[in-house]
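Remarks on the structure that follows.
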Amino acid sequence: MKQILLKSGREKSVLQHRPWVFSGAVEQVEGDPAPGETVAVRGADGTPLGWAAYSPESQIRARMWSYDPTDTIDGEFLRRRLAAALDMRRQMIPAEETNALRLVHAESDGVPGLVVDRYADTLVMQCLSAGMEVWRETIADLLMEMTGAARLYERSDADVRRLEGLPERVGVVRGDALPDGRVQICENGVRFWVDVERGHKTGFYLDQRRNRARVGALAAGRDVLNCFSYTGGFAVYALANGAAHVTSADTSADALALGRENAALNGLPEERAEWVEADVFHLLRKYRDQARTFDLIILDPPKFAPTAALVEQAARGYKDINLLAFKLLRPGGILATFSCSGGVTPDLFQKIVSGAALDAGVDAQILEKLEQGPDHPVALNFPEGHYLKGLICRV
Ligand code: SAH
């Protein structure tokens, strides 16, 4: 039988149903499993602990499929896992809220390495582990059958594929290609174009949906600065909620162009929106030097700490932009600030933001703490799945 034996004393994390088996915990690999193949996982004394997908290239040497040694890992097993994920969304996320959401959130939905996002009738999947790569065709068939979607794209071009020894793969997997690679979605009554072929991740930052609604609701009558705007998610919500003016900044000209289109798509007044191609670190300094001020500033930067080793450097980046933002806020102004770096804990993030306010010479209060939405659940035994945190602060 193909199996991995754990080192004595290293069974604990599997017994706690933590899905990652690190290379350092493995005593022996038997039967020469291929990348992604299912292996039995056994404790040092031979006790069966469950089943995992083997990944010879990765530090995460195996990802647990199941902690039940009587399970069989096959198409029916995957069907049950996908059905559970789909049912949860049907029950927890009203159709009126959105037609774009994450259907499968990898480890946190018991399907390690698989992300599936729905954009109206289009699905986009990412296979991010050797184990998922093996089941790709089966998953594609199951997804089409179980969701009734018109097409399925693959965007397996995330960096983590390299750590698994996998090449990039993108393109249409089932159904026909979209004209221009774009699909229109509607969340909370606002419409967006999503570019599923060239956009970031699978095309849109679905994890911020409820936060866009929260922050948008604070925008009425305010002069807003939307930093790291991407395709205008927060900007469109702010304008739709009656913001006096919204300045959006991003380094990507393509993202800004789509942002402008998204504002137009919702019939929002062009003269109240400004789209600035700029590095936010420089732009905030420029506005500080010009003594320009705002009533609401949104900071939604990319992941500054892709790995745990870069947390300190990331902390300096967060401190810098938050400090500058606090300086640009008028009295009574609001900062909506986010971090999507998994290595930066909510506690650490709050400390960074509080240090930034102190150094900026402002007193501020936290009005609300924000998280990723429920279509990005966090399995209790997989705290690594909690990556997005935000604070709404008032000065
Ligand atoms: N708030 C957006 C998502 C932001 S993603 C939404 O709700 O949809 C982060 C964005 O930051 C990306 O669009 C990326 O192009 C941009 N970006 C990365 N580094 C930047 C920098 N230094 N200055 C400005 N924009 C940057």
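Starting from 1, each residue takes its place in the sequence as its number. Keep in mind it's a predicted model, so treat the numbers as computed, not measured. Just follow the structure's listing: the first ligand is 1, and inside any ligand the first atom is 1.
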Applying ring-ring contact (aromatic ring centres under 6.0 Å, His included), name anything that partners F338, two or more places apart in sequence or on another chain.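 ring-ring contact (aromatic ring centres under 6.0 Å, His included) check on F338 returns F234.
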Within the 4.0 Å heavy-atom sphere of ligand 1, strictly under, residues: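 H200, Y205, R212, F228, S229, Y230, F234, D250, T251, S252, A278, D279, V280, F281, D300, P302.
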With no hydrogens and no angle check, just 3.5 Å: does a side-chain donor-acceptor pair link R292 and T247?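 Checked: R292/T247 side chains pair up, N/O donor to acceptor below 3.5 Å.
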Got a second to check how far F228's CZ is from T251's OG1, nearest 0.5 Å?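 Spacing of CZ (F228) from OG1 (T251) equals 8.5 Å.
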How would you list all residue pairs meeting ring-ring contact (aromatic ring centres under 6.0 Å, His included) that involve residues 297-323, not counting sequence neighbours?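 Every ring-ring contact (aromatic ring centres under 6.0 Å, His included) pair that includes a residue of residues 297-323, provided the two are not neighbours, is F281-F304, F304-Y318, Y318-F349.
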Quick test of your reading: applying ring-ring contact (aromatic ring centres under 6.0 Å, His included), list the pairs with at least one residue in residues 238-277, sequence neighbours left out, ordered by first then second residue.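 ring-ring contact (aromatic ring centres under 6.0 Å, His included) check on residues 238-277 returns no pairs.
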Could K2 and D32 be called an ion pair, given the rule that one side-chain N must be under 4.0 Å from one carboxylate O?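 Not counted as a salt bridge, because no side-chain N and carboxylate O are separated by less than 4.0 Å.
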